[in-house]
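Order of appearance sets the numbers: ligands from 1, and atoms from 1 within every ligand. Numbers here are sequence positions counted from 1. Any value given below was found using the heavy atoms of this structure, including those in side chains, with hydrogens, waters and symmetry copies removed.
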Amino acid sequence: MESDTILKIALAGPLRGYFDYLPPEHDGITLTPGCRFEIPFGRSSRVGILISTSSKSSVPTSKLKRALSQLDHTPLLQPSDLRLLKWAADYYEHPLGDVIFHALPLNLRKKPTATKTSQPGLRLTQAPKQRSVIVALQQHPQGLLAKSQLMQKHELSPAVLRSLLDKGLITPCELPPQPLTREAAHQLNPQQQLAVDTVRKELDGFQAYLLNGVTGSGKTEVYLHLVADVLAQGRQALILVPEIGLTPQLLQRFQQRMGHEVAVLHSGLADGEREKVWHAIRQMRQRVLIGTRSAVFTPMPHLGLIIVDEEHDLSYKQQEGFRYHARDISLVRAQQTGCPVVLGSATPSLESLRNVQESRYRQLDLPQRAANASMPSLSLIDIRNGHLKGGLSPALLKHLEQTLQAGEQAMLFLNRRGYAPMLTCHACGWLTDCPRCDARMTHHRQQRLLWCHHCGHQQRVPAVCPSCGSPDLVPVGQGTERVEEVLQQHFPNSPLARIDRDSTSRKGSLEKLLKQVHSGSIPLLIGTQMIAKGHHFPAVTLVAILDVDQGLFGADFRASERMAQLILQVAGRAGRAERPGRVMIQTRHPDHPLMQLLTQQGYAAFAKLAMQERQMAMLPPYAHQALIRAEANRADYPDLFLKQLLEGCQHIQHAAELEFWGPVPAPMERRAGKTRAHLLIQSNQRLPLHRWLSQAIEIFPTLPHARKVRWSVDVDPQEML
Ligand code: ADP
Ligand code: ZN
Ligand code: ZN
């Protein structure tokens with residue numbers, strides 16, 4: 001047998017390790033890692049990706065099967081891409097094949113549908129320059145581009161254009177003038193300038209920065225300048241955002257400044273569209289990629305800068321399957337690439353603040369709002385004794401009235417959609433318990449539904465109590481739908497918009513609502529966290545936060561951090577233009593020290609105290625965790641499995657350096673009909689935890705109940721759900 005002709009292939013799915021195959025029998029096979037092969041597997045065939053070649057196999061050569069065909073002749077993934085994916089697979093203890101296929105557009109994860117038999121074809125013969133002109137024009141929506149832009153971008157000579165004109169392939173036309181909304185680059189203020197200069201000085205090597213800038217301080221402007229620098233060097237930039245739809249303005253600004261260089265990747269795109277964008281970036285046809293979580297894996301051959309906007313945002317963490325944190329991956333990617341990474345936030349995660357303390361990140365501050373806007377004032381409304389009207393205190397109603405009278409906009413925030421979180425029977429106390437979860441079904445009045453937000457279970461609202469037959473069913477608590485109703489009654493002459501997942505489920509409806517709010521034609525706005533993020537509503541002067549108290553006493557140790565981040569994020573929507581903004585927070589705990597610190601001294605003071613609490617309790621970021629979850633239809637299996645795991649993995653090296661908490665029932669023990677249990681593993685040091693985990697994970701599948709439960713490992717869990 002020749003050396004190095006055994007293919008080590010990774011497959012999508014839960015299978016760990018590589019599978020060995022012999023190369024296909026055709027000619028012209030190139031054994032470059034990163035190419036896909038179709039391979040026989042069981043009775044069918046599957047798509048796998050070549051990781052490496054070797055002369056050795058644990059399977060006798062006579063038993064090795066041959067791959068059926070090679071699907072790519074140039075690798076889809078470069079060694080640097082594979083290196084990042086391998087790191088992620090190791091770190092998160094997730095099968096490499098699954099990690100790799102997660103990073104590929106859906107269309108490339110499966111076999112090509114076209115049949116492979118050859119037939120006569122035709123291809124373009126134009127010189128590459130001419131072809132690039134046609135491709136560029138085709139990619140543009142109306143098939144037209146400014147002549148100067150085209151010539152500059154593709155370094156065209158007049159002769160190239162002339163020959164295309166002669167062939168009748170292009171034709172001159174008049175372009176409309178550039179739209180006036182096009183935003184010019186701002187003259188940076190001194191803090192912005194300092195931030196840009198600091199990063200700019202070291203664009204050629206790895207360094208992590210925390211851009212700690214209050215909402216509206218011009219972080220985006222800093223990103224734009226840095227990205228422009230990187231483009232000028234001929235390199236690419238990756239910008240991660242939590243959710244595209246919720247941060248339309250960031251996207252618009254990049255598109256306005258960098259035009260056709262900007263590509264966008266997010267889950268809302270059709271598969272074909274995603275694949276197109278993926279290739280365009282991989283082949284350097286576009287150089288700025290703005291994307292959500294999974295965009296962090298997109299191959300970028302000349303990556304020169306990574307930006308993670310709103311780095312504290314929970315949506316960077318994938319909570320199922322391959323449980324990774326895109327911010328943390330972006331750090332490793334920058335390190336492997338040798339380029340800077342800038343994490344931006346007005347409310348940095350305690351993890352990132354700790355990294356600054358430890359001098360792993362360099363902090364850049366933007367303490368003031370850019371332009372003329374000042375920071376909004378925060379105040380608490382004590383609702384312990386007051387009589388609430390549909391969740392609104394008399395004091396708040398008064399402020400709303402004043403705001404509306406002054407012709408300004410007010411925004412109310414309540415992170416609960418639906419009409420009420422539950423219904424109850426006045427006669428017997430019956431509650432709308434979900435039949436499949438330890439949770440209540442939310443009352444959605446317009447849809448006449450009881451709807452469990454945890455498992456999706458829906459049923460009609462009963463006319464009478466299913467338990468005692470009384471017709472006296474009453475809603476308890478409020479959701480956005482109910483607040484909308486109360487506001488309408490109270491301010492019948494003020495147009496009102498509700499923005500939540502229910503009111504924006506139709507395509508385009510969110511954009512439409514946002515546009516109206518933005519134009520100022522709707523003075524009152526009630527919404528969930530969909531309105532909390534990057535929006536810039538210039539006329540909003542009053543922001544009210546109706547209910548955040550669960551953040552002070554949540555079961556999760558991160559609850560207060562998330563509450564503070566949410567409050568400031570929402571507050572950041574107030575007074576973004578000339579008129580100053582006010583933020584009112586309704587609370588039953590106005591004296592709580594964290595609440596006091598946050599409202600009186602701001603996030604930095606809050607974070608300092610929260611960090612001290614974490615340190616005393618030895619919780620992240622002062623400790624490292626992995627959470628093992630198990631669930632099953634039978635109530636006793638998850639606990640049993642985790643006990644077996646605890647027992648079976650005790651002897652593994654480093655176990656003595658770890659703390660094992662559990663097994664315990666999950667905070668919501670029953671969800672979607674399954675019983676769930678947790679085992680939390682914690683260590684002061686990262687290394688022993690990972691060493692132990694990488695060995696223990698080999699044992700999990702061999703435990704007696706491994707096949708009777710669904711288990712998963714979550715490294716650096718963000719939620720204990
Ligand atoms: P952030 O990303 O920190 O929320 P933005 O970059 O969106 O802040 O800036 C907030 C507003 O201030 C935007 O309308 C932006 O156009 C404006 N702005 C940013 N930098 C400057 C500057 N140096 N001079 C004037 N206006 C600026
Ligand atoms: Zn009843
Ligand atoms: Zn449910």
Side-chain angles (χ1 to χ4, degrees), residues 181-196 211-227 239 241-242 247-254 256-257 307-311 342 344-348 364-375 422-442 449-459 462-474 518 532-538 568-569 571-578 668-674 676:
T181 54
R182 193 182 171 92
E183 194 198 41
H186 285 291
Q187 179 80 37
L188 295 178
N189 65 34
Q191 285 99 357
Q192 287 172 317
Q193 191 66 54
L194 182 63
V196 169
L211 181 61
N212 188 349
V214 298
T215 48
S217 59
K219 294 186 287 298
T220 311
E221 200 60 38
V222 170
Y223 305 154
L224 284 160
H225 279 254
L226 291 174
V227 171
I239 298 126
V241 295
T247 47
Q249 276 142 12
L250 179 132
L251 188 61
Q252 273 167 22
R253 282 162 75 185
F254 271 93
Q256 279 172 0
R257 301 258 185 105
I307 286 164
V308 184
D309 190 33
E310 311 288 6
E311 65 87 24
V342 178
S345 177
T347 53
L364 309 166
D365 288 297
L366 301 179
Q368 273 128 35
R369 281 193 161 172
N372 294 321
S374 53
M375 285 306 283
M422 63 186 113
L423 277 181
T424 186
C425 168
H426 242 178
C428 76
W430 171 85
L431 287 168
T432 47
D433 287 326
C434 173
R436 310 176 69 213
C437 306
D438 293 334
R440 314 258 188 261
M441 289 182 287
T442 302
L449 281 178
L450 295 176
W451 185 351
C452 174
H453 292 180
H454 302 281
C455 72
H457 176 82
Q458 292 183 342
Q459 59 192 62
V464 296
C465 172
S467 169
C468 74
S470 157
D472 202 4
L473 296 178
V474 288
H518 204 253
K533 299 194 179 167
H535 301 293
H536 183 67
F537 301 128
L568 291 193
Q569 211 82 83
R573 305 308 113 218
R576 288 176 70 91
E578 291 75 36
M668 186 182 294
E669 188 175 10
R670 227 166 56 87
R671 193 170 75 187
K674 298 209 166 17
R676 307 148 74 234

So, Arg671 and Asp438, do they make that salt bridge, N to O below 4.0 Å?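 Looking at Asp438 together with Arg671, the answer is no, because their closest N to O distance does not fall below 4.0 Å.
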Checking only N/O/S atoms, does Cys437 have one that is under 2.8 Å from the Zn ion (ligand 3)?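 Cys437 does place an N, O or S atom closer than 2.8 Å to the Zn ion (ligand 3).
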Closer than 2.8 Å to the Zn ion (ligand 3): does that hold for any N, O or S atom in Cys434?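 A backbone or side-chain N, O or S atom of Cys434 is under 2.8 Å from the Zn ion (ligand 3).
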With a cut-off of 4.0 Å, which atoms of ligand 1 are near a heavy atom of [X]?
X: Gln187; value: 22 (C), 23 (N), 24 (N)
X: Asn189; value: 23 (N)
X: Ala370; value: 12 (O), 18 (N), 19 (C), 20 (N), 21 (C), 27 (C)

Is ligand 1 less than 4.0 angstrom away from at least one heavy atom of Gly216?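 Contact present.
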Quick check on Arg253 - does any of its heavy atoms sit under 4.0 Å from an atom of ligand 1?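 Yes, that is the case, since the closest heavy atom of the residue is under 4.0 Å from the ligand.
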Please work out, at 4.0 Å between heavy atoms, whether the side chain, the backbone, both, or neither of Leu188 comes within that distance of ligand 1.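 The answer is the backbone of Leu188.
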Which one holds for Glu221 and ligand 1: side chain close, backbone close, both close, or neither close, with close meaning a heavy atom under 4.0 Å?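 It is both backbone and side chain that touch ligand 1.
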For [X] and [Y], indicate whether the former's side chain and the latter's backbone hold a donor-acceptor pair under 3.5 Å.
X: Gln192; Y: Gly218; value: yes
X: Lys219; Y: Val214; value: yes
X: Thr220; Y: Leu250; value: no
X: Arg436; Y: Lys674; value: no
X: Thr424; Y: Trp430; value: yes

Provide the closest heavy-atom pair for [X] versus [Y] in the form atom of the first, atom of the second, distance.
X: Arg676; Y: Met668; value: NH1-O, 2.5 Å
X: Cys455; Y: Cys434; value: SG-SG, 3.7 Å
X: His225; Y: His186; value: NE2-O, 3.6 Å

Metal site the Zn ion (ligand 2), protein N/O/S atoms found under 2.8 Å: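 Count of protein N, O, S atoms less than 2.8 Å from the Zn ion (ligand 2): 4.
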So which of Ala346, Gly344, Ser345, Gly218 gets nearest to atom 8 (O) of ligand 1, if we judge by its closest heavy atom?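 When every heavy atom of Ala346, Gly344, Ser345, Gly218 is considered, Gly218 comes closest to atom 8 (O) of ligand 1.
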Residue selection (non-hydrogen contact nearest atom 1 (P) of ligand 1) among Lys219, Glu310, Arg369: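 The nearest heavy atom belongs to Lys219.
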Please report the interatomic distance CE(Met441) to CD(Gln458), rounded to the nearest 0.5 Å.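 Spacing of CE (Met441) from CD (Gln458) equals 10.5 Å.
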Where the Zn ion (ligand 3) is the corner point, what angle links SG of Cys455 with SG of Cys452, to 10°?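 Taking the Zn ion (ligand 3) as the apex, I get 110° for this pair.
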Got Cys465 and Leu473 here, is their nearest side-chain heavy-atom distance under 4.5 Å?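 Touching, per the 4.5 Å side-chain cut-off.
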Test of proximity, Gln192 against ligand 1: N or O pairs below 3.5 Å: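 Yes; at least one N/O pair falls below 3.5 Å.
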Going through the checks in order, is the side-chain contact (heavy atoms from CB on, under 4.5 Å) test met by Asp365 and Gln191? CA-CA 7 Å; Asp365 288 297; Gln191 285 99 357; over 6 Å; no
